[in-house]
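Single-structure report; data block below.
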Amino acid sequence: MASLPSVVIGYTIKPESEFKRRTATFPSIEKRNSSSSYLEKGFDALSLDLREVESSTYVPLLQKCVEKNSFQEAQIIHGHIIKSGTQEDLFVMTSLVNVYGKCGVMEAARKVFDTLSKRNVVTWTSLMSGYVHNSQPEAAIHVFLEMLENGSYPTNYTLGIILNTCSLLYDVKLGKVVHGYVIKYGLEGDTSVGNALCNLYSKCGGNLDSAMRAFWRIGERNVISWTTIVSACGDNGNSAAGLDLFSAMLEEGIEPNEFILTSVLSLCCTIQATDLGLQIHSLGIKIGYESNLPVTNSLMYLYLKSGWFSEAKKLFDGLEKVSLVTWNAMISGYAQMMDVAENSLVASRNGSEALNIFLRLQRSGLKPDLFTISSVLTVCSNLLALEQGEQIHAQTIKTGFLSEVVVGTALVNMYNKCGSIKKASKAFVEMPSRTLISWTSMITAFAQHGLSQNALVLFDDMRLAGDRPNKVTFVGVLAACSHAGMVDEALTYFDMMKNDFKINPIMDHYGCIIDMFVRLGRLEEAFDFIKKMEFEPNEFIWSLLVAGCRSHGNLELGFYAAEQLLNLKPKDPEIYAMLLNMYISAERWKDASRLRKAMKDEKLMKLKDWSWISIKDKVYSFKPDDKSCTHHQQVDILLRDLLEKSRNLEKNSETEEMEDKETRVHHSEKFAVVFGLLKIQKPAAIRVVKSMIMCRDCHNFVKFVSVLSEREIMVRDSKRLHRFVDGKCSCGDFGSLL
DNA sequence: ATAGGGTTAG
């Protein structure tokens, strides 16, 4: 490879006078028309009668094989060609090289090529194209050099392929050398060269402007040019520009095909331009792509991302054939729905459904790819289904997607969310390469587990590795400082983010700082910081302050913050319950009973309390005071026993509440945790997901159980993850609690 | 006869 540029330069450098920006004249290439009745009937090479085929039919027949991607049929036609003595026909043999390459069998393509007694530039170009098509850019370059040595001159098509080879190699430098050659020969306006240049600059230059320049220099932009620039916009984070270009294309009267429709729909998906997507859907129907699979897949992604689940399901049900992308769309769609589900029961159903679809996909005989795996791992993290996640991990070791960054990052997240920081960091260390997102995931994981020092060291490593942190990375870094109470460091990083990296703080950054002050009991400073924010504090910010004020006994500020919460979410039963508990612990009985009456009148007493626990491949869900579960009696006995023991232990420190503990309704997580104790063998941890925030009583209870049972217990509630070990919770008792 | 496409992680 090292010698390559000089060879290319050696080839291109000629006396100045020879260039003069002439339009290249290429050796004229004979054109030939052919037609055949076989093609109209739709053909099947297996039933071809050799005697009926004329040599002029071979080329279109082989063309059909390319469309059908049928290596087998191409081989049969190859047999016919040999028997009929047509193997000296350059057109036919070039087609054959092309077909074999397109079917992914480069050995066959090369073999045919090597037997040829004469070749022209199209034959060489076809072979190169085959190597590019099969991700063997080095081989393509090699063929190019061979071609030059053989005295053939490249055409615009050859140069296009060479430029695509440069894209595959991420070799912009070599690409620019070729670009120079293109300019000298005045070929920038050529469609295939221009398309390839546009592709080169967007794919590996990361330079949308250069891509745009190349695009607008094309004399006759075809639908491929437009597709290239439209997806370039998407790749470079300017989806809106891509959508504008698409309408510009329509105005130029160029008819869209399935490729540009899918590209443009994917842009709609990234910026959630659902309305525009709808219009494109109807356009697609109008011009005959209603049952086109890739277009339908893209529409499904769009609708699922927009939460239009029934539309997506309609499309899915209407499909006669599905592809892996279809399954992936459905799985990632269900995974996304988990995040926005109204309660955790719905979320768990979505998760189970996603895993179900994963099973159906595998039964259908298709092989999952890296996108499938990363989606399924995300589902496992949301379900806290460590066992399932580990199984997928094991499966991935076999299928070989483990080296993919996307999969590695999904593994880090899965292990982290399931509470296993050791396995998360093992997965991280084993990744062959890392992206900004991988680093960020691991930094955040360390921060969440209270391993602040590790998080900050990793942040330095990341910068040493040359990756630039973004706003999410800083959320992790600030969370690490907050957890460790490192006030000076936190403020330094906060300034570094703003000044050195020019990142404007988002709500989450303020959240970390405020959380830090709150944990330290520096409530006034927390409040000052809230007042300094350039936007209105959200629910998360106020609930941090409420939690801190309760723990540190600043009632006045606490009630103020709770009021702000109620302003933001006026009818939220969770906030009312929290306020009620605050009145009770402040012994403001009058306020408490007034509030309780208001809650009854407004029907705000009903909390959406669900918990669930995932064991093996099943998800078990629980309601408050649940008597419906399968092992109700055993759960009930053990729960009573544990409650009894915990009461004895804390008898003295207990503050009397209005409700009688004997008759009170128990929240769902108690049942889920006890069920876990019964069903999950030691020493495995117990992982429970809960739909609302934990209350103090349950928090204390689980702390106690973690001591008594000597088990690690995790409860992920609607606000944060609580990890109980030896009677201590990772939230440091500063998590917002009811 | 040679050129192009869709999903993705915090």
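Everything numeric here is computed off the predicted structure, so don't read it as measured data. Order of the sequence lines fixes the chain letters, A, B, ..., with proteins taken first and strands second; residue numbering starts at 1 for each chain. As a basis for the values below, the full set of heavy atoms in this structure was taken, side chains included, without hydrogen atoms, waters or symmetry mates.
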Which part of the nucleic acid, if any, lies within contact of [X], taking any heavy atom under 4.0 Å across all strands shown: a base, the sugar-phosphate backbone alone, or nothing?
X	value
A:N328	base
A:S192	base
A:E258	base
A:S374	nothing
A:S129	sugar-phosphate
A:K471	nothing
A:K102	sugar-phosphate

Quick one, [X] and [Y] - any side-chain contact, counting heavy atoms below 4.5 Å?
X	Y	answer
A:E220	A:S225	no
A:R217	A:L197	no
A:I392	A:F358	yes
A:L96	A:L62	yes

Exercise for the section: Apply side-chain contact (heavy atoms from CB on, under 4.5 Å) to A:L456 and list each qualifying residue two or more places apart in sequence or on a separate chain. Expected result: A:V477, A:A480, A:C481, A:M486, A:Y493
Handout entry: A:M337: side-chain contact (heavy atoms from CB on, under 4.5 Å) partners, not counting sequence neighbours
Key =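 Expected list: A:F309, A:Y334, A:N350.
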Calculate the interatomic distance between [X] atom [atom1] and [N] atom [atom2]; express it in whole Å.
X	N	atom1	atom2	answer
A:F259	B:dG5	CZ	P	9 Å
A:L261	B:dG4	CG	P	19 Å
A:F371	B:dT8	CZ	C1'	5 Å
A:Y334	B:dT8	OH	P	17 Å
A:N470	B:dG10	CG	C1'	8 Å
A:N292	B:dG4	CG	C1'	15 Å
A:W226	B:dA3	CH2	C1'	18 Å
A:L267	B:dG6	CG	C1'	11 Å

Problem - Pair A:H142 + A:Y131: ring centers closer than 6.0 Å - result: no
Residue [X], side-chain heavy atoms: nucleotide from [options] that is nearest:
X	options	answer
A:T440	B:dG5, B:dG10, B:dA9	B:dG10
A:N257	B:dG4, B:dG6, B:dA1	B:dG4
A:Y157	B:dG6, B:dG10, B:dA3	B:dA3
A:T191	B:dT2, B:dG5, B:dA3	B:dA3
A:T444	B:dA3, B:dA9, B:dG10	B:dG10
A:S298	B:dT2, B:dT8, B:dG6	B:dG6
A:I437	B:dG10, B:dG5, B:dT2	B:dG10

Please state whether the phosphate of [N], meaning OP1 or OP2, lies under 4.0 angstrom from any side-chain nitrogen or oxygen of [X].
X	N	answer
A:Q63	B:dT2	yes
A:K203	B:dG5	yes
A:N164	B:dG4	yes
A:T409	B:dG10	no
A:N98	B:dT2	yes

Problem - Any N/O donor-acceptor pair, A:D190 side-chain to B:dA3 base, under 3.5 Å - result: no
